[in-house]
Amino acid sequence: MISMSKVHSIRQMRMRGHNVSEISRTLEVSRDKVYKYLEESDLSPRPPARRKSTSVMDQYRPLIISWLEEDAKSWHKQRHTAKRIWERLVAEEGAKVSDSTVRHYVRRLKKELGIGKGDVVMCILRRRWEYWVCAVALCKLGATIIPASLQLTRKDVVYRANSADVKAIVAVNDEYVCTQVEEAMPDCPTVREKFIVDGSREGWVDFDELIAGYPDTFERPTGEAGVTSKDIMLMYFTSGTTGNPKAVEHNFAHPLGHIITAKYWQQVQENKLHMSVTDSGWAKFGWGKIYGQWIAGANVFVYDFDKFVPAHVLDMIEKYHITSFCAPPTVFRFLIREDISKYDISSLRYCTIAGEALNPKVFEEFYRITGIKLMEGFGQTETTLTIATYPWIEPKPGSMGIPNPQYDVDLLTPDGRSAEDGEQGQIVIRTDKGKPTGLFKEYYRDEAKTREAYHDNIYYTGDVAWRDEDGYYWFVGRADDVIKSSGYRIGPFEVESALMTHPAVVECAITGVPDEIRGQVVKATIVLSKEYKDRAGEELAKEIQDHVKHVTAPYKYPRIVEFVDELPKTISGKIRRVEIREKSNQ
């Protein structure tokens, strides 16, 4: 029997024109089994017809490809490879060809098999300098980059590689990462090569050796190989709080959409140091560590670490005189627990925050300690900065700010009308007057999901907010996270913000639980601080409930309280409320 994953891979390879021998060798399945499956599934086992070539070398094409694949490192050392292949052809195959003929053929073949316009490369590089090299190189070639997290499992690698026809993977020399990639390869038929950074490993091409063998000059592709702004530059896989991640396509104009992100929100300065806390696997990296920052002339500070330690970040700010800093609220929650007075962070002029909603408690405490007001921003993998607090407006703790003029932002109620001030509605972007630079093109190969989120010249973010009389937007939660209880619409974020003001709460998640009388009731799932862990129980739960009743409207208090050691999260760190809801409904 052939496993279902192998069957899927056989079908994919055959439909892309691979012959039986290539499929058999790549998937380590006998030729007889490949033939049998193809005949049963009405896919011809006969290889696709090739244009008749005048080159005598074409008869040796499969053999040469197999030799190239046997020695991945030498693939890129053209003269050495060509000479060795010529010698083997003469000695082992009795070929009557000149070494120059072989050299020209190998050059042409490697160009065909190498990375070019439209090819897709996955990069798993954490915060290493090689990511910037790869991003620029792939951009110049017209190839598409998939930034990926170190936390990907074998299943994640297979899903991304097959969803996007990934041709090559560049990964950091990490045992976990390399193992997951290697175990995924039998089910990733489109991946032709693996490149390793910071070391060497059997079966991988050494990245440092590879780039050392290339000249400093680069001839920009032209004609059909040339790059246009409408070609696909980036493909981000969303973190997938529900279902499989979606592949978000951005074209080569996307970096221009981050000028406002960097220059006018993050306030990066030419020749000054900007630091963002994120690794290269997330869209936040594109927001804070490459595109807008370089366009604005800022220097990007790179700090790679295995484990986040708040004191080490403060050390970096002091030692290297960081001037602007951007991080998610979680980082600032840990920073304010440190004795910041021990560090000289006087170089720091501006701090921005994004990734999740900011609790007012964090804003107020950081301002008290440093005198710096945290400037919040909102956006998605599908967009650039969409709503933000800019230096020319006074921040309101807990508010996202005002719309980026780059986008035509509105709030739509469930019945399709624009929400009034004070009324909740889904955040949408209207494109009837033109599609803004920075907004995604589509979800790759998923017309249904694209249509669901973006139709009739309106992109639906799926996030709910309300707008005050001054035009400031206030985050409520995901549209499917809003709780309807006794006729009230309760946003998780406002209850979570109230909970965070209690000293026992380190992290929390608010979800709705079905109730026969009220429709839904509010449930709080809480991670306690170490000082309160011994008090976990009904008494502390009652104390927290009473606290919420005094901080916000009493009808919003959590009628159910559960204490846990940790919250379920996506690989990008977002809380999976859907998982909590599912467990509550069991």
Side-chain angles (χ1 to χ4, degrees), residues 265-266 325-337 350-380 385-404 409 411 419-427 461 463-479 481-483 488-503 505-511 522 524 526 544 547-558 574-575 577:
W265 175 53
Q266 294 173 342
F325 181 74
C326 186
T330 303
V331 169
F332 287 97
R333 278 200 291 269
F334 283 107
L335 289 179
I336 60 179
R337 290 173 179 264
Y350 210 79
C351 291
T352 46
I353 192 163
E356 57 186 276
L358 170 65
N359 302 111
K361 175 189 173 183
V362 178
F363 176 97
E364 291 159 1
E365 185 64 12
F366 192 78
Y367 178 59
R368 183 189 67 79
I369 296 171
T370 66
I372 296 175
K373 298 176 180 178
L374 297 177
M375 311 299 267
E376 189 169 355
F378 165 84
Q380 295 184 317
L385 182 72
T386 309
I387 300 171
T389 306
Y390 301 99
W392 51 85
I393 65 173
E394 185 63 25
K396 294 184 179 184
S399 167
M400 297 181 286
I402 62 176
N404 178 347
V409 176
L411 296 177
E420 302 290 337
D421 289 348
E423 185 179 17
Q424 292 182 8
Q426 184 175 168
I427 302 170
T461 66
D463 289 310
V464 176
W466 62 277
R467 181 182 57 248
D468 67 21
E469 65 278 4
D470 296 322
Y472 285 67
Y473 283 63
W474 300 76
F475 186 76
V476 173
R478 291 292 295 172
D481 287 337
V482 174
I483 301 163
Y488 294 105
R489 287 172 59 85
I490 302 170
F493 175 65
E494 52 192 334
V495 186
E496 289 168 0
S497 294
L499 283 168
M500 289 298 298
T501 61
H502 192 287
V505 181
V506 173
E507 276 192 307
C508 61
I510 291 295
T511 53
V522 177
I526 297 172
I544 290 173
H547 175 79
V548 173
K549 290 179 184 178
H550 287 89
V551 174
T552 189
Y555 69 86
K556 299 176 184 177
Y557 88 94
K574 295 179 181 178
I575 297 170
R577 292 181 179 82

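For reference, positions follow the sequence shown, starting with 1. Just the heavy atoms: all of them, side chains too, but no hydrogens, waters or symmetry mates, feed the values below.
Remark: of the listed residues K361, H547, E364, H547 is the sole one forming a side chain to side chain donor-acceptor pair (under 3.5 Å) with T501.
Within 6.0 Å of the CD atom in E420, the count of heavy atoms belonging to other residues, nucleotides or ligands does not exceed 12. Within 6.0 Å of atom OH in Y390, more than 12 heavy atoms from other residues, nucleotides or ligands are found, so the atom counts as buried in its surroundings.
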* Asked: Hey, mind stepping through D463 and M400 against side chain to side chain contact (heavy atoms under 4.5 Å, CB included) and telling me if it holds?
  -> CA-CA 12 Å; D463 289 310; M400 297 181 286; over 6 Å; no
* To do: Please assess K373 against T389 for the test side chain to side chain contact (heavy atoms under 4.5 Å, CB included), listing each intermediate value before the final yes or no.
  => CA-CA 10 Å; K373 298 176 180 178; T389 306; over 6 Å; no
* To do: Before giving the answer on side chain to side chain contact (heavy atoms under 4.5 Å, CB included), spell out for L499 and V548 the whole-Å C-alpha distance, their side-chain angles and the decisive distance to 0.1 Å.
  => CA-CA 6 Å; L499 283 168; V548 173; 3.5 Å; yes
* Given the rule in the side chain to side chain contact (heavy atoms under 4.5 Å, CB included) test, do E376 and F363 qualify, once you have shown the distances and angles that lead to the verdict? -> CA-CA 10 Å; E376 189 169 355; F363 176 97; over 6 Å; no
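Within the 4.5 Å cutoff, the side chain of Y350 has heavy atoms near those of the P391 side chain. Counting heavy atoms from C-beta outward, L335 and I369 have side chains that stay 4.5 Å or more apart.
When every heavy atom of E423 is checked against every heavy atom of W466, the shortest pair comes out as O-CB, 3.7 Å. The heavy-atom pair separating G471 from P403 by the smallest distance is O-CD, 4.3 Å. In terms of heavy-atom proximity, S497 sits nearest to N359 at OG-ND2, 2.9 Å. Residues A354 and W265 come closest through the heavy atom pair CB-CH2, 3.8 Å. Summarising the geometry of D421 relative to E469, their closest heavy-atom pair is OD2-CA, 3.7 Å, with the distance given to 0.1 Å. Minimum interatomic distance between L411 and G425 (heavy atoms only, all atoms of both residues): CD2-O, 3.6 Å.
Counted by atom type alone, T386 and N404 present zero donor-acceptor pairs between their side chains at under 3.5 Å.
The distance from atom CD1 of I483 to atom CD1 of I510, rounded to the nearest 0.5 Å, is 6.5 Å. Atoms NE2 and OH, on H550 and Y557 in that order, are 13.0 Å from each other to the nearest 0.5 Å. With rounding to the nearest 0.5 Å, the separation of CG in L374 from CD1 in I353 is 5.0 Å. If you take OH on Y473 and CZ on F378, they are separated by 11.0 Å, rounding to the nearest 0.5 Å. Between atom CE of residue M500 and atom CG of residue L358 there is a gap of 10.0 Å, rounded to the nearest 0.5 Å. Rounding to the nearest 0.5 Å gives a distance of 10.0 Å between CD of E507 and CD of E496.
With D468 contributing its side chain and D470 its backbone, the two residues share a donor-acceptor pair below 3.5 Å. Using a distance-only test at 3.5 Å, with no hydrogens or angles considered, a donor-acceptor pair links the side chain of Q380 to the main chain of T461.
Listed by chain and residue number, Y555 satisfy the ring pair (Phe, Tyr, Trp, His ring centres under 6.0 Å) test with Y488 (two or more places apart in sequence, or in another chain).
Taking the six-membered ring where the residue is Trp, F332 and F325 present perpendicular rings, their angle passing 60° and hence far from 30°.
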